[in-house]
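Only one structure is covered here, and it is reproduced in the block below.
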Amino acid sequence: MENKHSIDNASEKLIEKAKQDSVETIWDRKVAMKTPCGFGERGVCCRICAMGPCRISPIAGKGAQRGLCGATADVIVARNFARMVAGGSAAHSDHARSIAHVLHMASKDGNYNVKDEAKVLELAKRWNIDYENKDIYDVAHEVSEFALNEFGKQFGTLTIPDCVPEKRKQIWENLGITPRAIDREVVTIMHSTHVGCMADAESILKMSMRTSLSDGYGGSYLGTELSDVLFGTPSRNNTEANLGVLEENQINVIIHGHEPSLSEMIVLAADDPEIKSLVDEVGADGINLVGMCCTANEVTMRHGVKMAGNFLQQELAVITGAVEAVIVDVQCILPALSELSKSYHTKFISTSPKARIKDSIYVEFDEEKAYECAKNILTQAVQNYTNRKKENVFIPKSKEHAVVGFGVESIISHLDKVVNSQIDNTGTLKPLADCVVSGVLRGAAGVVGCNNPKVQHDFGHVEMMKKLIANDIIVVATGCAAQAAAKAGLMSVDAAKLAGPGLKTVCELLDIPPVLHMGSCVDNSRILRLVGELAKHLDLDMSDLPVVGAAPEWMSEKAVSIGTYVVCSGIDTWLGVVPPVTGGPEVVDILTNRMEDMVGAKFYIETDPVKAAEQMIERVEIKRKNLGI
Ligand code: SF4
Ligand code: SF4
């Protein structure tokens with residue numbers, strides 16, 4: 001295993017094919033990069049003004065100890081960390097803003113409709129919007145305006161979702177980290193980390209905490225809620241995962257990126273009679289629409305669309321030689337796809353003015369003409385089928401069955417199966433709380449985040465999850481971690497056999513897998529909601545619960561923001577890739593130690609996923625002991 005890039009055979013075979021085809025992959029570029037810069041790795045280089053770049057010697061007392069302006073290593077590290085949080089929060093929040101705009105243009109006969117009316121009314125009620133005797137679209141538009149206002153309101157604080165217990169809100173209030181407006185927090189970070197501004201590591205990190213909360217309980221939360229309104233609240237679905245979902249005789253179209261406003265339209269347009277007759281004309285058996293990265297998560301949660309793979313498989317999909325088009329919008333799209341696609345017949349189609357990519361085919365996605373645009377893009381994909389070079393096609397056989405679609409609502413409906421309605425109400429988290437309190441389930445873990453070529457592809461995700469479920473800890477997964485689980489078969493109901501006796505029984509009774517797919521990266525807000533509602537149900541704070549989080553293979557700034565808001569929610573979080581903070585001793589102390597005094601949780605850094613899982617299990621047991629359960 002040691003020398004392999006991935007634990008996944010399909011990926012290994014395609015890395016081999018890349019060599020035969022003389023094309024490079026991310027692993028080749030990693031080799032070309034040689035040893036990473038030690039200053040950057042420790043977070044002690046600064047280039048935020050033109051007096052620099054400055055870098056601090058990693059040895060205390062030897063070499064440069066301050067930047068030209070006098071900033072210490074801790075200040076530089078904290079500023080860099082804060083800017084990562086701001087970048088991550090901005091990405092999630094801009095995504096949410098787009099969805100809110102789409103909701104604002106939704107109409108009964110238009111391209112976008114309201115799919116979950118109950119959720120619109122629930123949001124209206126929560127936000128004191130008058131909805132009695134009003135047309136659902138009028139209510140939806142007001143809901144969208146309320147949401148949009150959360151981005152830039154100049155007074156007051158963010159509207160914190162109902163799931164957050166009072167005790168948690170009070171902790172944020174006392175620390176001064178209650179977020180104000182979503183965009184404002186990002187702007188404040190960019191301001192305060194400008195040369196000659198904030199020069200105190202602890203204050204910079206508190207600012208990062210506030211900004212991350214504006215993502216988790218603001219941008220991401222709204223993104224998820226409004227996507228459910230527009231495209232439907234997820235429910236249980238069957239699907240398949242891994243590159244073996246590509247088809248020999250069909251037009252393979254990969255939808256990759258993040259925002260469901262594009263992918264949903266592509267899903268609809270794939271059924272258009274004109275597109276179908278074009279498919280017949282080119283002699284294919286059909287269109288095989290498959291997802292990649294978080295777009296995959298969005299469309300699989302709602303429609304069971306198959307998942308071709310996660311972050312590190314995007315190039316490998318093209319290397320199969322069987323992909324007619326990769327359609328992308330924003331975030332986590334390797335610019336390398338431009339060059340790579342030239343070696344195959346694949347059309348690399350970018351669609352967002354927020355993510356123009358040189359040498360891609362650019363078809364701007366205009367939400368006002370969404371369906372027409374989607375059809376236009378698909379037409380290009382279908383026409384490209386005749387250019388496929390059959391002799392250069394290799395589709396690995398690997399694919400696994402997965403059960404997906406576990407939003408909070410769907411989890412509750414599964415829990416209802418074990419409620420005796422003569423004794424208890426349905427529609428609550430009580431059965432889950434009972435299992436946790438009785439010890440049948442020891443606790444729960446959220447395993448989330450990306451892939452990173454610094455670690456063996458999917459190894460961290462899969463080994464950690466296996467260890468956790470074997471110890472009766474139920475796992476919820478999102479993002480590329482979810483796809484790793486699906487590919488490893490951990491999202492099939494059969495995987496219950498890998499679980500400890502308590503979790504196995506729960507899985508069998510509810511007919512669920514031991515690892516639940518909760519969606520995309522913005523859908524981490526579903527995990528926040530689940531934990532918050534469980535805490536409220538038990539009259540506890542979120543930090544009291546035997547709940548832990550992990551990002552074993554994280555790489556993006558979004559993951560930094562996610563990790564920070566999860567810790568600020570009182571959930572201890574394990575990182576499997578060392579963040580660029582080790583050059584700042586005070587910063588390390590705050591993140592891995594003092595944050596516990598502030599928010600009741602902290603970061604743990606452990607690159608061995610099995611050891612990390614053991615620490616997580618230990619932590620869960622300590623929390624149980626503290627609760628006396
Ligand atoms: S802000 Fe200070 S440490 Fe950073 S580049 Fe400018 S002078 Fe150097
Ligand atoms: S988990 Fe990471 S790599 Fe995957 S889509 Fe989300 S941010 Fe991108």
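Numbering of residues begins at 1 and proceeds along the displayed sequence. Quick caveat, the model's predicted, so the values are computed rather than measured. Whatever order the structure lists them in is the order used to number ligands and atoms, beginning at 1.
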Using distance alone, with no hydrogens and no angle criterion, decide if [X] and [Y] have a side-chain donor and acceptor under 3.5 Å apart.
X	Y	answer
N524	T478	yes
T564	S212	no
D215	S561	yes
K558	H258	yes
Q313	N242	yes
H101	E367	no

Item to check | R42 to V77 - nearest heavy-atom pair and separation | outcome: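 Distance-wise, the nearest heavy atoms are O-CG2, 3.7 Å.
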Next on the checklist: Holding to salt bridge (charged side-chain N to carboxylate O under 4.0 Å, His left out), I want the full list of residues that pass it with D523, two or more places apart in sequence or in another chain.
Outcome noted: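 Only R526 meet the salt bridge (charged side-chain N to carboxylate O under 4.0 Å, His left out) criterion with D523.
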Item to check | Atoms of protein origin (N, O or S) under 2.8 Å from atom 8 (Fe) of ligand 1 | outcome: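 For atom 8 (Fe) of ligand 1, the protein N, O and S atoms that sit under 2.8 Å away are C54 SG.
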Item to check | Nearest-0.5 Å distance, NZ of residue K611 to NZ of residue K467 | outcome: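 Taking NZ in K611 and NZ in K467, the distance rounds to 12.5 Å.
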Checklist entry - Can you list the ligand 1 atoms lying under 4.0 Å from a non-hydrogen atom of R79? => result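 Reading through ligand 1 atom by atom, the close ones are 1 (S), 3 (S), 4 (Fe).
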Checklist entry - side-chain hydrogen bond (donor to acceptor under 3.5 Å, both in side chains): which pairs involve residues 52-80, sequence neighbours left out? => result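 Every pair satisfying side-chain hydrogen bond (donor to acceptor under 3.5 Å, both in side chains) with a residue in residues 52-80: there are none.
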Next on the checklist: Taking non-hydrogen atoms within less than 4.0 Å of ligand 2, which protein residues qualify?
Outcome noted: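 Around ligand 2, where the cutoff is 4.0 Å for heavy atoms, the contacting residues are H258, C293, C294, F311, C332, G449, C450, G479, C480, C521, M555, S556, K558.
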